[in-house]
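The figures here come from the full heavy-atom set of this structure, side chains too, leaving out hydrogens, waters and symmetry mates.
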Amino acid sequence: MCFPKMGGGVLRVSIWVLLLLNLACCSRGFDPVDKYYINCGSPNDVVVGNITFAADKSASRFLSAPLEILASSNSSSITPSDESEVYRTARIFTGPSKYTLSIGQTGRHWIRLHFYPFVFQNYDMKSASFSVFSQSTTLLSDFTPQNSSSVREYSVTVTAGDLVITFSPSSNSFAYINALEVVSVPDTLIADDASTYDPLGPFKGLMGQSMETVWRLNMGGPFISLANDTLGRTWISDSGFLLQPNLATFATGVAHYLEGGATPDTAPPMVYGTCRKMDSAANPNSNFNVTWGFKVDPGFQYLIRLHFCDIASASANQLVFNVYIDSFLVAPDLELSAKYPGQLAAPYFLDFVTPLIDRNNLSLSIGPSPRSAYPDALLNGLEVMKMNNTKNSLAGGAAALPGFPAKKKNLGLIIGVCIGVVAALILLGVLFFIHRRKKQERLRIEKSWVPISVNGGNSHTMGSKYSTGTTVSVGSNMSYRIPFLSVQEATNNFDESGVIGVGGFGKVYKGVLTDGLKIAVKRGNPRSQQGLAEFRTEIEMLSQFRHRHLVSLIGYCDEKNEMILVYEYMENGTVKSHLYGSDLPSLGWKERLDICIGAARGLHYLHTGDSKAVIHRDVKSANILLDENLMAKVADFGLSKTGPELDQTHVSTAVKGSFGYLDPEYFRRQQLTEKSDVYSFGVVLFEVLCARPVIDPSLPREMVNLAEWAMKWQKKGQLDQIIDPNLVGKIKPDSLRKFGETAEKCLADYGVDRPSMGDVLWNLEYALQLQEAVVRNDPDENSSNVIGQLSPRVGEFGNGNDNGGESESGDSVARFESVDDLSGVSMSRVFSQLVKSEGR
């Protein structure tokens with residue numbers, strides 16, 4: 001994937017003036033000991049910027065190849081210029097070939113591979129497939145080039161002797177290269193350690209890591225060519241990566257490099273002299289983040305380098321903000337002037353190493369901090385570098401650095417592309433017509449799904465029932481109407497032996513579709529008072545969201561006055577059934593922590609994954625389901641509500657929820673917030689720990705309510721006295737302490753004192769770390785400094801697979817259509833009213 005070009009082409013004059021002013025600062029201050037610039041396949045030298053790419057003949061002494069094939073192109077699509085000349089020639093390899101380059105100074109070196117495919121004799125470079133190795137590191141594997149110029153940039157550490165770069169064609173193919181760079185890197189550019197958001201501490205050992213530059217961005221500024229960077233790097237505009245460009249603006253200024261800080265080798269003045277910042281003037285409430293999204297290769301860790309320079313503030317100590325990577329708060333209350341007190345516009349950078357990324361996207365956000373007098377945030381530059389995996393490989397296909405940009409296109413090429421596009425559209429139209437005819441025929445015999453619109457509109461957006469996408473944007477519709485006959489067949493005509501749960505809405509049946517897919521079918525009871533409104537809410541909510549920790553809605557049926565919801569089948573049922581009331585095997589402590597972490601991720605996504613939060617409103621152990629691998633998924637969205645607007649603190653609504661889990665502040669005031677879910681989840685945490693019902697009238701009075709009883713023991717520091725007997729002696733004290741503190745914070749009397757679900761998630765993951773490893777000198781002996789941190793309101797861009805959900809079991813639910821403000825009412829009175837209320 002090549003970097004996108006700058007959007008719009010419209011930049012303020014001040015940026016270009018600033019660029020000209022900074023050119024004087026961009027002379028090549030660093031003189032590399034090793035510098036190989038090879039114009040492959042060419043008899044002539046080419047000068048690009050202030051770099052001379054030597055003719056291939058002068059570099060042939062470094063090369064060992066079975067055949068000497070020097071390719072050249074006269075393609076008019078390559079506009080004559082210094083930059084493009086390196087792409088007019090290439091060296092082709094028909095068998096394993098290697099460059100052996102003598103290294104004069106050990107340490108980190110750039111390796112840049114330039115590719116531009118063209119046709120030479122019988123070699124069509126667009127069809128080439130090959131691998132590239134550097135010493136023992138795999139740089140590319142079965143690589144097929146792009147249709148445009150691109151650069152793959154790597155940095156590897158050479159310990160001694162020669163650097164060998166090997167090109168190995170795939171079976172029945174060949175390899176090629178247009179230009180090759182191997183250049184020394186300053187020792188100070190990348191340190192050996194970096195921060196992480198792993199509670200076990202910083203990452204050490206970067207010097208031994210090979211890396212690939214995946215993205216390098218100039219925030220708020222234009223493209224920067226290698227001629228204006230002391231290390232020959234290119235920087236592209238960030239405009240194509242902003243998720244909500246309307247929330248951001250840019251600023252310009254002049255950076256002042258200070259001794260002991262960043263240097264022009266770290267990033268050029270044009271990077272530190274421009275920035276992307278919050279558009280607080282256009283958004284006076286300023287309760288938002290500026291977020292960028294990036295494609296990455298899963299299965300790798302990444303070094304994230306953030307470049308900062310406060311060129312936007314009027315005075316020092318004014319700018320304080322938060323920085324997030326994905327949903328993690330990695331730099332809370334970042335104060336740019338703290339490193340150089342009283343000094344504005346002083347460049348510096350922060351390095352972070354991510355955990356192993358398990359998806360194909362990554363997000364970065366900046367947003368206001370409560371400590372700031374004026375809500376604002378900025379970022380000047382960003383570098384994302386992939387680190388080699390355990391197999392010493394960097395091979396992947398997420399991105400490629402941009403090649404030298406062409407200045408104009410060939411007219412014939414444009415006409416050809418246009419004709420091809422028109423032909424493709426005609427072909428698609430024909431295929432669509434054929435598909436539509438076949439679909440209409442299937443509909444007449446009721447053997448297929450029919451797309452619906454859950455929002456009452458006339459448009460229908462179709463999607464596969466087996467979709468494995470990540471987040472589905474609000475307004476799209478991934479649900480389907482299922483014929484009643486198909487549901488009857490799947491459930492053996494609603495055979496009572498297939499009932500797997502009963503709730504206020506109706507019974508839940510296990511079923512199997514004709515294609516073998518196992519499903520859970522919830523059939524509405526005509527006498528249920530939870531009818532049409534919750535039926536529609538469930539469909540509307542789950543048609544918007546897909547996440548690996550939300551149970552997926554497959555479809556629905558509303559024929560014959562039925563209200564039927566069909567979900568993915570969860571093999572291991574509810575969390576509640578694994579804790580008490582059944583003969584299922586007891587869960588271990590690590591399994592319980594993993595389940596809590598999964599559920600927290602699902603709820604955190606609901607609270608932060610869209611423009612407005614979604615409040616579940618019925619969080620309980622019976623609405624957390626387990627698949628065949630005991631992975632937790634949140635279900636039952638019939639009571640869910642969208643959260644407050646940015647200028648509001650709560651949603652005023654009638655009280656609904658399950659007694660024992662209900663937030664007492666919500667009950668008293670009828671004001672719903674995300675923190676109501678947090679309270680309910682805190683009850684679930686104690687339920688998971690103690691393995692008993694949350695309300696048990698058969699117990700002595702002080703023990704009836706689990707939340708009150710557990711909080712009593714937690715505050716005495718004796719929570720271990722009431723845990724599940726099956727866990728006695730199996731929980732490490734520090735893990736139990738962290739878990740108990742987390743649950744205690746969730747059950748705070750007032751929502752403002754409770755953590756966000758992001759904070760709860762972080763602390764549960766820490767509790768798991770404490771269970772699995774001995775942590776010395778625990779920095780969070782009192783976790784209140786962690787549990788109260790703010791979480792970003794950003795989407796999980798690449799954070800999971802698709803799922804959305806429903807419960808296969810039901811509990812009693814209390815509803816209050818009109819309750820006055822009950823501030824000061826005791827908990828015993830609250831629960832006495834709940835028990836008397838209508839069950840779900």
Side-chain angles (χ1 to χ4, degrees), residues 1-3 40 65 90-101 108-117 125-158 163-182 185 190 203 205-216 233 294-304 353-362 383-403 798:
M1 173 186 290
C2 291
F3 279 6
C40 300
R91 184 176 280 272
I92 294 175
F93 308 112
T94 57
S97 307
K98 63 179 65 175
Y99 285 94
T100 304
L101 306 174
R108 193 168 288 277
H109 286 65
W110 296 122
I111 298 177
R112 296 189 182 105
L113 309 174
H114 296 254
F115 300 104
Y116 182 82
M125 296 179 189
K126 289 192 291 292
S127 65
S129 177
F130 54 94
S131 300
V132 182
F133 307 91
S134 168
Q135 311 293 68
S136 59
T137 302
T138 302
L139 306 182
L140 293 168
S141 179
D142 294 325
F143 171 69
T144 296
Q146 308 283 332
N147 287 328
S148 59
S149 61
S150 63
V151 181
R152 294 279 177 163
E153 180 184 274
Y154 306 89
S155 64
V156 300
T157 299
V158 183
L163 173 63
V164 179
I165 301 174
T166 303
F167 292 79
S168 179
S170 303
S171 178
N172 299 318
S173 189
F174 63 95
Y176 79 95
I177 180 75
N178 297 86
L180 172 66
E181 299 178 57
V182 174
V185 175
I190 299 178
F203 184 94
L206 285 176
M207 291 300 296
Q209 290 281 326
S210 297
M211 301 184 192
E212 178 183 3
T213 305
V214 182
W215 305 110
R216 183 181 288 125
R233 298 163 296 194
F294 310 94
K295 290 292 185 182
V296 294
D297 287 326
F300 296 89
Q301 289 182 277
Y302 290 82
L303 174 62
I304 311 293
V353 171
T354 71
L356 195 70
I357 299 296
D358 60 358
R359 58 199 178 281
N360 65 352
N361 47 62
L362 184 77
E383 294 177 85
V384 179
M385 291 167 272
K386 183 199 303 181
M387 298 161 54
N388 66 265
N389 60 19
T390 55
K391 297 179 180 179
N392 207 22
S393 174
L394 288 165
L401 289 169

Exercise. F174: what forms a ring-ring contact (aromatic ring centres under 6.0 Å, His included) with it, not counting sequence neighbours?
Worked result: Y123

Exercise. Under 4.5 Å between any side-chain heavy atoms of D358 and L356, yes or no?
Worked result: no

Exercise. What residues, two or more places apart in sequence or in another chain, satisfy ring-ring contact (aromatic ring centres under 6.0 Å, His included) together with F93?
Worked result: F167

Exercise. Does any N or O in the side chain of N178 come within less than 3.5 Å of the main-chain N or O of Y116, such that one atom is a donor and the other an acceptor?
Worked result: yes

For this session: Under the side chain to side chain contact (heavy atoms under 4.5 Å, CB included) rule, what do T144 and S127 come out as? Steps first, then yes or no, please.
Result: CA-CA 7 Å; T144 296; S127 65; over 6 Å; no

For this session: Check A128 against P145 and note the closest heavy-atom contact, atom names and distance.
Result: O-CD, 3.5 Å

For this session: Would you mind reporting whether N392 and T138 have side-chain heavy atoms less than 4.5 Å apart?
Result: no

Seminar exercise, completed: To the nearest 0.5 Å, atom CG of L139 lies from atom OH of Y154 at 5.0 Å

Seminar exercise, completed: Of all heavy-atom pairs linking F203 and G205, the shortest is CE2-C, 4.1 Å

Exercise. Donor-acceptor pair, Y302 side chain versus D297 backbone, under 3.5 Å?
Worked result: yes

Exercise. So do the side chains of W110 and E153 get within less than 4.5 Å of each other, counting heavy atoms only?
Worked result: yes

Exercise. Does S97 use its side chain to pair, donor to acceptor, with the backbone of G95 at less than 3.5 Å?
Worked result: yes

For this session: Give a yes or no answer on whether the side chain of E212 reaches the backbone of R152 with a donor-acceptor pair at less than 3.5 Å.
Result: no

Exercise. How are the rings of F115 and F130 set relative to one another: parallel (under 30°), tilted (30 to 60°) or perpendicular (over 60°)?
Worked result: tilted

Problem set entry | Atom pair CD1/CE of I190 and M211 - distance to nearest 0.5 Å | 4.5 Å

Exercise. Got M387 and L206 here, is their nearest side-chain heavy-atom distance under 4.5 Å?
Worked result: yes

Exercise. Hey, what do you get for NZ (K391) to OG (S141), rounding to the nearest 0.5 Å?
Worked result: 10.5 Å

Problem set entry | Min side-chain heavy-atom separation I111-L163 under 4.5 Å | yes

For this session: Evaluate the side-chain proximity of F300 to I357: yes if any heavy-atom separation is below 4.5 Å, no if none is.
Result: no

Exercise. Do V182 and I165 have side-chain heavy atoms sitting under 4.5 Å apart?
Worked result: yes

Problem set entry | Result of checking R108, Q209, H109 against S155 for side chain to side chain donor-acceptor pair (under 3.5 Å) | R108

Problem set entry | W215 side-chain N/O to K295 backbone N/O, donor-acceptor pair under 3.5 Å | yes

Exercise. Between the side chain of Q301 and the main-chain N/O of T354, is any donor-acceptor distance below 3.5 Å?
Worked result: yes

For this session: Could you check if a side-chain atom of Q135 sits within less than 4.5 angstrom of a side-chain atom of V156, using non-hydrogen atoms only?
Result: no

For this session: Could you give me the CA-CA distance, side-chain angles and deciding distance for R112 and L180, then say whether side chain to side chain contact (heavy atoms under 4.5 Å, CB included) is met?
Result: CA-CA 6 Å; R112 296 189 182 105; L180 172 66; over 6 Å; no

For this session: Evaluate side-chain hydrogen bond (donor to acceptor under 3.5 Å, both in side chains) for S129 paired with S173, printing each intermediate quantity in order.
Result: CA-CA 6 Å; S129 177; S173 189; 5.1 Å; no

For this session: In sequence, state the C-alpha distance, the side-chain angles, and the governing distance for Y99 and C40, and then conclude on side chain to side chain contact (heavy atoms under 4.5 Å, CB included).
Result: CA-CA 11 Å; Y99 285 94; C40 300; 3.7 Å; yes

Exercise. Stepwise, does the side chain to side chain contact (heavy atoms under 4.5 Å, CB included) test hold for N389 with L394?
Worked result: CA-CA 7 Å; N389 60 19; L394 288 165; over 6 Å; no

Exercise. How far apart are the closest heavy atoms of A90 and M125, and which atoms are they?
Worked result: CB-CE, 3.8 Å

